[in-house]
Each structure stands twice: as C-alpha cells, then as structure tokens.
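A quick write-up on the structure given underneath.
Counting starts at 1 for both ligands and their atoms, in listed order. Everything quoted here is computed from the prediction, not taken from an experiment.
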Amino acid sequence: MTAYTMICTSDFSGLLRGKGVPVADFDKRTTAGIGWTPTNVQITCFDTISDSPYGSFGDLVLRPDPDRRVIAPLPDGRRLDFALGDVFRLDGRAWECCTRGMLKAAVARLKARTGLELRVSFEHEFMFREGLPTAGFSLAGFAERLGYAEDLAQALAGAGIVPDSFLREYGPNQMEITLPPAPALLAADQAAILRDLARLVARARGEAVTFTPLIGPDVVGNGVHIHFSLWDGQGQPVTHDADRPEGLGQVAGAFSAGILRHARALCALTAPSVISYDRLVPHRWSAAFDNLAAQDREATLRICPVTSHEPAARARQFNLEFRAADAAASPHLALAALIEAGLAGIDDALPAPTATAEDLSLLSPEALAARGLRRLPESLEAALAALEADPLLPRVLPEGAVDIYLAHKRGEIAHVTPMPPEARFAAYAAAY
Ligand code: GLU
Ligand code: MG
C-alpha cells in the first residue's frame, strides 16, 4: 500500500503535472478535486514560465478520472499510484486550457456531427541515453533491453496497458513501442502514461531514456506516429472502400483532406518543439510535405498496409498514420487538433487527397504548387504563424487558450534561441 496518489494533467508542455493526495482520499477527490493554478499551464518543458495573463491570480480544480487510475510497480520496489484528470473552473465548467477537455470536446463534436468514432493507436520511438552499440532491429539489440522491456511491461500492466509491439528501432539505442488501437481519449491517456512510465522505469533501473524528437542534427529522429481509423455507431469500420483510390473510403478521404488542408497549422500542436523542425525535413522518414501516400514513410499521412486477404478483416485493419508528430506534443492536444481538422474536411465535403508516389523533395516549388502540395513549416515560429492564420484555430483551442498557447511556445523559443545547437538538443533530450 502506498500512502499517496497523484492527480495529474497532461499540459501544453506534453508532460504530466499535478499534486499528490492520501490514497484514502482518492474517492473524495474525484468530486472535490484539488486546487490547481492557471499559470501552471505556462510552465514549459524547461521549467521556465512563459508569459501568463493570469500571473498570481485565479484558482482551478483538478479532478482525477477514476477510470484512469494507475498503480504501477517500478523495478526498484516502489509502487507509483496516480490518475489522469481534468481541470475545471471553480464554477464547474471545463477550463479552456485543459488538453483532456479539448480532446473530449473534439470527440463529442465528431460523434454529434457524423455519428463516427475514431480509434487511435500511438506508436512511440525513444532512445536510451547510453548503451553498448547494437544493430538496428537486431536480436542482440532486443535482448540488450529485455530486462527493461519486462520491467516496463509490469508497470504498464498497472495501467491496464499491453503494448502491441516492442522493438529495437534503427537509430542508436532507439526502441519503439506501439500501443493497441483504442477510442481516442483512452489512446491519448495511454500515450501520456506510457511516456512517463517508460522514463520512470528506466530511471528506477539506473538508466535513462528520452522521447526528444531528435538527439542531434545527424541522428535518426524519434517520431510519434498517430494511427487512426473511423468507425460508425454500430462498431463497423468505415475507413476502407475497396472501390476507391488507395482503398480510402469517402468519409475517411474527406477527413484526411481536412488534416492535410490544415497540416501546416497542425504542426504547431503536434510537433511543438524548436527542434521538431530539424526532424520534419526530407529523407528523415518523418514528414516534410502536406501529402498523403500509400506505404511511403515520408508522407504526413500514410495509408498503412493491411495483411489480411479477407474483405471484412481488411476493412477492420485499414488505418492511416499521421507522422508529423512527436512527444513534445500533448497527445490530447495533438489528437484533438487532428480530429477537428478531419471534421472540418468532412464538413466541407473535401475530396480525398490524391496519393503521391515519389520523392517530393525533388520537385520544384512550382511543380509542388501545381499539385497543391506545400512544404511543412521549417521552424516552430513558422508553424505558430500558420496556426495563428488558420481558421481552424478557434475550433481546436477555445477562446482564451489561443494566446496562452502561443505565449507558452514563444517563451520556449526565447529560452532556447540563445543556446548553441548542441545545448538545445541536450536541453530537449533532458526535458523529454
Ligand atoms: N524515426 C522516424 C521518425 O522520426 C520514423 C521511422 C519509421 O518508423 O518509419 O518519424
Ligand atoms: Mg518506427
């Protein structure tokens, strides 16, 4: 039995923060909550505080969701007890900067307007900070991290999470964990939980891992690939249509077109660190243009392969993957933004994007423009400017949250701008 449980919120920095309360009080706290401070949302990943309109004023309530309680054994014998929660105003309304609240609202809007639900699977890449060199995808590399994998599996079981896969990725000391598909809110919650447990399990073993988008300019990046599929109210898959190009069903085509129409703005929410833009360049197997492709690992939206030959099973497997994301993003905010962009595509009945099938970095700007393709932003500041200019913004970030998010990120930019590049990469590696 542990004495304390911590009530956490996944915030603009993509980290979990909160407060501990006695375990015996958990039930009481599900209604009473615990006090929370508005300015906390301006604590950046570097623990600096960006400009806050709230200053020292205001009070909020952080309430745990009893369905997201985690009691995770750590390898050093500790039992970590925590729960994810939501931030409310004192009058009971959702707080405009609560990322979990934003995702709940986006899920509800998608359901209300289309009757559809999204199933989502987060695929995370991360790196051990140290270790003997092993080859990408090798058995030796897998075996090297088996003790860690087993300890992490124990901890994740305490959150009801059983990964879909665990593997030695290609980059130096790089691993990958994919979570099974789940409804959007559960998927984002599990992504947030996974990141913290992966870091904590490593630490308890005397090791360290980082989910930073990039550890250095010449190294493979750590992506977060967000897989999604659409399902109707009867639990039937609607992403696939064997008679349409690339097998992409009509509604999923419109949803995809919405994501791509807003992709440049979305990056400010899905890849929101300064160094994210060193990863979102051609030939890094990340994403660099606002394109859809079938089975191309450099597309912003990739249609993933299906392995079954049986039509009903193919329809259930069929999914797309958004690749311009990383772990500097709140999984809740990133997913809320993808849903709103996709829904805007459905609202506007956009035609499905035409899939690309070549190296877009070889095309001239004129050739790209002729095909309606754009380069993703090349800096966080450019992504923020695209976000500010995008009519989607008020749908994703409620009134009041927009200026705060922009100030949060501009404070982060100001903090790292004077640093030499190595220090910048090191700072993000330590933060994530
Ligand atoms: N490491 C690549 C990225 O930054 C992804 C490699 C892959 O799994 O396709 O997104
Ligand atoms: Mg990978």
Side-chain angles (χ1 to χ4, degrees), residues 14 120-129 134-138 141-142 145 149 152 163-181 187 191 194-195 198 209-228 259 263 266-267 269-307 319-329 331 334-335 338 355-357 359-361 375-380 383 425 428-429 432:
V120 179
S121 162
F122 277 86
E123 179 181 329
H124 282 92
E125 293 171 336
F126 62 102
M127 283 171 177
F128 281 85
R129 306 294 298 275
T134 56
F137 300 102
S138 66
F142 180 74
R145 302 302 178 188
L152 180 57
D164 194 65
S165 63
F166 177 87
L167 56 99
R168 167 75 173 88
E169 244 286 1
Y170 174 71
N173 292 306
Q174 191 179 37
M175 311 301 291
E176 178 177 302
I177 292 186
T178 303
L179 298 177
L194 168 75
R195 294 174 195 175
V209 297
T210 180
F211 287 75
T212 184
L214 208 55
I215 57 168
D218 305 319
V219 189
V220 169
N222 291 308
V224 172
H225 304 161
I226 306 176
H227 294 255
F228 61 87
I259 289 177
L266 287 175
C267 287
L269 302 162
T270 60
S273 78
V274 171
I275 58 168
S276 297
Y277 296 86
D278 296 296
R279 171 178 166 262
L280 296 182
V281 297
H283 308 143
R284 277 192 164 278
W285 290 36
S286 55
F289 299 90
D290 59 352
N291 66 317
L292 168 92
Q295 300 165 31
D296 172 2
R297 289 180 175 75
E298 291 208 7
T300 288
L301 272 184
R302 169 180 178 248
I303 298 174
C304 297
V306 286
T307 52
N319 71 91
L320 294 105
E321 163 186 69
F322 180 82
R323 297 175 67 88
D326 61 51
L335 199 46
L338 287 179
T356 61
D359 180 352
L360 298 180
S361 71
R375 179 77 171 82
L376 295 181
E378 295 185 51
S379 68
L380 178 56
F425 286 112
Y428 275 110
Y432 291 107

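- Scanning all heavy atoms of the two residues, the minimum distance from Asp359 to His283 falls at OD2-NE2, 2.9 Å.
- One N or O on the side chain of Glu125 and one on the backbone of Gly223 form a donor-acceptor pair closer than 3.5 Å.
- In the vicinity of Val220, heavy-atom distances shorter than 4.0 Å reach the ligand 1 atoms 1 (N).
- In this structure, the protein non-hydrogen atom closest to atom 9 (O) of ligand 1 is Arg323 NH2, 2.8 Å.
- The shortest N/O to N/O separation between Glu125 and ligand 1 falls below 3.5 Å.
- Considering both main-chain and side-chain atoms, Glu169 comes within under 3.5 Å of ligand 1 through a nitrogen or oxygen pair.
- Arg375 places a side-chain heavy atom less than 4.5 Å from the side chain of Pro282.
- Side-chain contact check for Leu320 versus Ile259: every heavy-atom pair is 4.5 Å or farther apart.
- Distances below 4.0 Å separate heavy atoms of His225 from the following atoms of ligand 1: 3 (C), 5 (C), 7 (C), 8 (O), 10 (O).
- No hydrogens or angles considered: a donor-acceptor pair under 3.5 Å links the side chains of Arg145 and Asn173.
- For the Mg ion (ligand 2), the nearest N, O or S atom contributed by Glu176 is named OE1.
- Nearest N/O/S atom of Glu169 relative to the Mg ion (ligand 2): this is OE2.
- Between the side chain of Thr178 and the main chain of Asp164, no donor-acceptor pair closer than 3.5 Å is present.
- Taking 2.8 Å as the criterion, Glu125 counts as a coordinating residue of the Mg ion (ligand 2), since one of its N, O or S atoms falls below it.
- Close N/O approach between Arg279 and ligand 1 is found [any backbone or side-chain N/O within under 3.5 Å].
- Taking a 6.0 Å sphere around CZ of Phe137, one finds it holds more than 12 heavy atoms contributed by other residues, nucleotides or ligands.
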